[in-house]
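What you see is a predicted model, and the numbers here were worked out from it, not measured in a lab.
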Amino acid sequence: MITISNCSDFKLEDAWKRHKRGEGMQGLSEPSGHMLFFYAVECGLKHLLVRKNKMRNCPKSGKSLFYQHDLGRILREIEPSAAEVRQIPSNLRLTLGTGPLRHTDFSDVHLAWRYGLTIDPDEEKKILDWLRAVDRFITNRRTL
């Protein structure tokens, strides 16, 4: 883990914009593009979190929400209305070499894309739709 004491050293808004461009990039596999989009949304949410909490100093503990991939928890901290962002997809279906696997922790979706696990196509569509909705929320909130 990189320890940074001043939160402004993180270029979270820039990272959000840069990683978003990875989805659909020519020559990049679809799962890799999805993973970059997941990370883009994570950076965008953390940008909003830093602004909302007026954070100057980054948390010192790696166990802090700031260093987690749990988009649902980060989003709850920002407190969007139900009209802005709907409920996070749950009960995801992943496929391993040994067969199907029920997986309920949305924060691990990026691991499935990173490590080559297969996500049920219908589930993956729900995940991407939710990520796009959160991305629109970030776009709307960052200008406030």
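Side-chain atoms of Y39 and R18 include no donor-acceptor pair closer than 3.5 Å.
What you find for W113 and P31 is that their closest heavy atoms are CB-O, 3.5 Å. Contact detail for I119 and I127: the closest heavy-atom pair is CG2-CD1, 4.0 Å. When all heavy atoms of K20 and T139 are compared, the pair lying nearest together is NZ-OG1, 4.2 Å. Between L45 and I78, the shortest heavy-atom contact is O-CD1, 3.3 Å.
Residues F37 and H19 fail the side-chain proximity criterion, which asks for heavy atoms closer than 4.5 Å. No side-chain heavy atom of L49 sits under 4.5 Å from any side-chain heavy atom of L12.
Residues passing the side-chain contact (heavy atoms from CB on, under 4.5 Å) test with R136 are R132, A133, sequence neighbours excluded. Residues satisfying the ring-ring contact (aromatic ring centres under 6.0 Å, His included) criterion with W16, sequence neighbours excluded, are absent altogether. Judged as a side-chain contact (heavy atoms from CB on, under 4.5 Å), and not counting sequence neighbours, the contacts of P80 are L75, E84, V85, F137. Remark: F38 engages H110 in a ring-ring contact (aromatic ring centres under 6.0 Å, His included) (not counting sequence neighbours). Here K52 pairs with E77, E79 under the side-chain contact (heavy atoms from CB on, under 4.5 Å) rule; sequence neighbours left out.
W130 and L111 fall into different hydrophobic clusters, where Ile, Leu, Val, Met, Phe, Trp and Tyr side chains are chained together by heavy-atom contacts under 4.5 Å.
Going from atom NZ of K126 over to atom OG of S90 covers 8.5 Å, rounded to the nearest 0.5 Å. In this structure, CZ in R114 is found 11.0 Å from CG in L36, a value given to the nearest 0.5 Å. Taking SG of C43 as the start and CD1 of I138 as the end, the distance is 9.0 Å to the nearest 0.5 Å. One distance of note links CD of E124 with CG of D129; it measures 11.0 Å at 0.5 Å rounding.
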Take L131 and L71 through the side chain to side chain contact (heavy atoms under 4.5 Å, CB included) test and state the conclusion after the steps.
CA-CA 9 Å; L131 288 171; L71 303 186; 3.7 Å; yes
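For residues 24-43, the pairs satisfying salt bridge (Lys or Arg N to Asp or Glu O under 4.0 Å) are E42-K46, with sequence neighbours left out.
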